[in-house]
Amino acid sequence: MPQATPRSSLLGARPSVFLLAGAFVTGMFLFAQGGCGGDECQDAADCREDKGPPASNTEWVCEDKRCEQHSVQVPPPDSGTDAGTPDAGTPDAGTSDSGPTTVSVQVLAFNDFHGQLEEPAGQILTGVAPDGGPVRVSAGGVTYFARHIAALRATHPNTVVVAAGDLIGGSPLLSGLFHDEPTVEAMNLMGLDLVAVGNHEFDEGSTELLRMQSGGCHPVDGCLDGDGFPGAKFKFLAANVATGVDRTLFPRYDVREFEGVKVAFIGMTLEDTPESVIPTGVAGLTFKDEVQTVNALVPELRRQGVEAIIVVVHQGGIPTSGSLVNECKGAGADGLISGAIVGMAKGLNDAVDVIVSGHTHQAYNCVIDGKVVTSASSMGQLVTDIDLTLSKATGDVVEARANNVIVTRDVQEVGAVKELVTKYQELVAPRANRVIGWVSQTLRTQTDSAGQSTLGFVIADSHLEATKPANLGGAQVAFMNPGGMRAGIAQGEVTYGEAFTTQPFGNSLVTLTLTGAQIEQLLERQWRPSGATLMLLPSADFTYAFSASAPIGSRVDPASIRINGVPVSLTAEYRVTANNYLASGSDGFPVFAEGTNRLGGAVDSDALEAYLKAHSSMASPLPAPALNRITMLP
């Protein structure tokens with residue numbers, strides 16, 4: 001397998017793509033209604049916008065400024081549990097060419113979109129200013145994302161668009177209220193081809209995920225937008241999600257053929273998905289080792305004449321803070337990124353050419369063990385442009401180059417996608433804009449050196465208050481997991497939409513009984529042998545101290561654990577509240593699952609709304625809590 005070569009420049013070796021994007025903007029102003037006038041077009045997105053979806057087994061193509069439908073042979077999505085049989089991966093259309101000895105293929109990749117249809121708040125680091133400060137640019141928003149995808153697609157006839165998991169789940173209200181149907185519909189318009197499942201795809205369970213593929217209204221809420229839901233036109237892949245012996249929830253892989261050369265895309269989630277999802281979300285499923293899964297498929301693919309293999313996996317790495325989007329700096333070996341994806345890349349068969357990764361919400365562009373390894377941040381802020389050169393004689397990848405492209409907002413929005421977003425904005429506005437409280441300072445998810453955050457404390461306090469009455473659980477302390485907070489709350493009035501975005505999972509509260517000794521065990525589990533740390537956020541009047549230098553498993557001083565200033569007795573029993581995700585033992589806290597005398601409670605977002613209403617007003621907004629519940633000692 002040849003040494004892959006990533007592109008090094010920030011915006012890549014293809015400035016013509018962005019000149020083309022600029023030409024789109026100029027061209028759009030030449031038409032009275034935007035898009036294309038009559039039969040004229042600039043790209044396939046204009047054709048979809050003006051003429052609607054193409055006929056079955058065809059795709060719009062803009063040729064000589066005219067929209068034409070070209071036939072394609074893409075295997076239809078399979079929503080049944082039989083989807084993982086070896087025939088999953090029927091080749092796509094392609095034409096033989098006796099001229100050139102190679103064929104080029106473009107793969108456009110992204111990850112961790114999380115239903116972010118509107119412009120996300122975060123920015124992308126692009127460089128360093130003359131004064132040494134960071135240079136950042138706002139990026140993302142599905143209407144712009146769709147235009148960047150269309151612009152890149154227009155440069156290459158052999159293009160496949162893929163996503164590395166968490167396309168849905170953990171979504172803002174605009175998508176989450178409608179069970180992420182808006183995101184699926186937006187991706188249909190954009191032309192997504194394949195998506196590997198991620199852990200958040202299972203937030204509402206495998207049956208609901210199958211509905212995302214096959215369509216139909218929600219079994220409880222129906223179709224909240226007033227019309228039907230067609231399901232995904234793209235295909236979900238789940239090579240390591242088993243439903244039985246030699247059965248997977250979705251196909252293991254998909255094979256596309258370009259000018260006689262086959263390319264396989266294997267899609268997977270992380271093996272540890274059950275640790276990140278409530279048990280009911282993954283009931284009846286087995287999540288298998290990622291490396292073993294891929295390596296077992298290589299001989300099968302080679303028997304089909306496949307030599308070019310791309311792994312699309314929801315697992316990732318960690319670059320150094322402050323790295324640019326096309327760098328690979330990190331704390332790992334040789335100064336490269338660290339994290340699970342590194343060991344995975346080294347363990348995968350050398351037949352694998354490219355790994356499209358995700359899960360960590362980071363941006364990097366690496367070559368690890370001869371394989372190109374990429375990740376495109378999150379929320380649709382980047383798209384990875386991967387160019388493959390394939391040998392027609394052998395089918396091998398002879399060159400692979402990647403470039404993380406920033407999804408800037410200086411391009412023309414795709415009209416059809418904008419209409420879709422506007423439709424759902426109008427539907428959700430009455431609920432989203434309802435004011436439920438006020439805060440005197442911005443409540444942040446960011447933590448101090450001891451792992452404390454103002455937002456985490458407010459949420460934990462709201463959970464305690466909702467379950468403190470004897471008839472509602474008799475809780476004495478509540479704990480919040482940091483991963484359950486998806487966004488901060490800005491200073492001033494707080495709307496329902498903001499509160500939902502903060503806690504978008506719809507978790508319910510559970511109050512259970514733990515002994516003092518179990519509470520100590522719970523706290524010790526915050527530091528993992530792997531080196532990872534996951535600090536729980538406790539409610540008011542629960543305090544303790546830990547030593548950062550003490551051995552893992554012995555960092556918390558039992559005598560320092562107090563509730564309302566009273567030391568916790570290791571033999572006494574206490575009522576503890578957590579959301580149902582934590583209460584099931586997820587996030588690596590199995591002690592919660594040992595809790596007894598369980599009592600279900602309110603939905604977490606409802607508890608936060610009630611707390612804000614009770615403790616804030618326009619004249620007297622809720623103050624940010626002091627970060628004094630956890631004390632870090634040397």
*Measure across Q106 and R153 and return the closest heavy-atom pair with its distance rounded to 0.1 Å.*
NE2-CA, 3.9 Å
*Taking S377 for the side chain and Q362 for the main chain, is one N or O donor matched with an acceptor at less than 3.5 Å?*
no
*For the pair D387 (side chain) and S104 (backbone), establish whether a donor and an acceptor sit closer than 3.5 Å, ignoring hydrogens and angles.*
no
*Min side-chain heavy-atom separation V255-V263 under 4.5 Å*: no
*Under 3.5 Å: donor-acceptor pair, side chain of H148, backbone of T408*: yes
*For the side-chain hydrogen bond (donor to acceptor under 3.5 Å, both in side chains) test, which of E181, E185, E118 pairs with Y424?*
E185
_Flag side-chain contact, heavy atom, 4.5 Å: L209 against F250_ = yes
*Interatomic spacing from CG in L249 to CZ in F236 - rounded to 0.5 Å*: 10.0 Å
*Ignoring hydrogens and geometry, is there a side-chain-to-backbone donor-acceptor pair from N240 to D289 under 3.5 Å?*
no
*Side chains of M344 and V313: closer than 4.5 Å at any heavy-atom pair?*
yes
*asked:* Return the CD to CZ distance between E208 and R211, rounded to the nearest 0.5 Å.
replied: 4.0 Å
*For K329 and I337, indicate whether the former's side chain and the latter's backbone hold a donor-acceptor pair under 3.5 Å.*
no
*May I ask you to decide if the ring planes of H114 and H361 are parallel, tilted or perpendicular, using 30° and 60° as cut-offs?*
tilted
*How many angstroms lie between CG in D254 and CG in L194, if you round to the nearest 0.5 Å?*
4.5 Å
*Hey, does K346 have a side-chain heavy atom less than 4.5 Å from the side chain of D369?*
yes
*Between D350 and K371, is a salt bridge (charged side-chain N to carboxylate O under 4.0 Å, His left out) present by the stated rule, with each step listed?*
CA-CA 8 Å; D350 286 343; K371 307 170 182 74; 3.6 Å; yes
_With a 3.5 Å distance limit and no angle check, can you tell me whether E204 reaches the backbone of G169 through a side-chain donor-acceptor pair?_
no
*Check: T183/S175 side-chain N/O donor and acceptor closer than 3.5 Å*: yes
*Under the 3.5 angstrom rule, does the side chain of N295 hit a backbone N or O of G347 as a donor-acceptor pair?*
yes
_Steps toward side chain to side chain donor-acceptor pair (under 3.5 Å) verdict (N365, T374)_ = CA-CA 5 Å; N365 186 354; T374 69; over 6 Å; no
*asked:* Under a 3.5 Å cutoff, is there a donor and acceptor pairing between the side chains of N111 and H359?
replied: no
*asked:* Assess the residue pair E119 and R409 against the criterion (salt bridge (charged side-chain N to carboxylate O under 4.0 Å, His left out)); give the C-alpha distance rounded to whole Å, side-chain angles, the decisive distance to 0.1 Å, and a yes or no.
replied: CA-CA 9 Å; E119 295 89 342; R409 299 173 190 164; 5.3 Å; no
*Please indicate whether K423 has more than 12 foreign heavy atoms, meaning atoms of other residues, nucleotides or ligands, lying under 6.0 Å from its NZ.*
yes
*Heavy-atom count around D334 CG within 6.0 Å, excluding the residue itself: above 12?*
no
*Taking it one step at a time, do S138 and Q123 satisfy side chain to side chain donor-acceptor pair (under 3.5 Å)?*
CA-CA 5 Å; S138 296; Q123 293 186 311; 3.1 Å; yes
*Check for a donor-acceptor pair, side chain of Q315 on one end and backbone N or O of S357 on the other, with a separation under 3.5 Å.*
no
*If you look at every heavy atom in G115 and D180, which pair is closest and at what distance?*
CA-OD1, 4.2 Å
*Using a 4.5 Å cut-off on heavy atoms from C-beta on, say whether the side chain of D166 contacts that of N199.*
yes
*Please confirm whether the backbone N or O of G330 pairs with a side-chain atom of T320, one donor and one acceptor, at under 3.5 Å?*
yes
*Pairwise side-chain contact, L382 with V325, heavy-atom cut-off 4.5 Å (strictly under)*: yes
*Apply side chain to side chain donor-acceptor pair (under 3.5 Å) to D396 and S391, showing your working.*
CA-CA 5 Å; D396 285 321; S391 167; over 6 Å; no
*Rounded distance (nearest 0.5 Å) linking atom OH of Y253 with atom CD1 of I309*: 10.0 Å
_Rounded distance (nearest 0.5 Å) linking atom SG of C366 with atom CD1 of I355_ = 10.0 Å
*asked:* For the backbone of H156 and the side chain of T159, can you confirm whether one donor and one acceptor N or O come within less than 3.5 Å of each other?
replied: yes
*asked:* For the residue pair Q381 / Y144, report whether a side-chain donor-acceptor contact shorter than 3.5 Å exists.
replied: no
*Looking at CZ of F145 and CZ of F113, how far apart are the two atoms once the value is rounded to the nearest 0.5 Å?*
6.5 Å
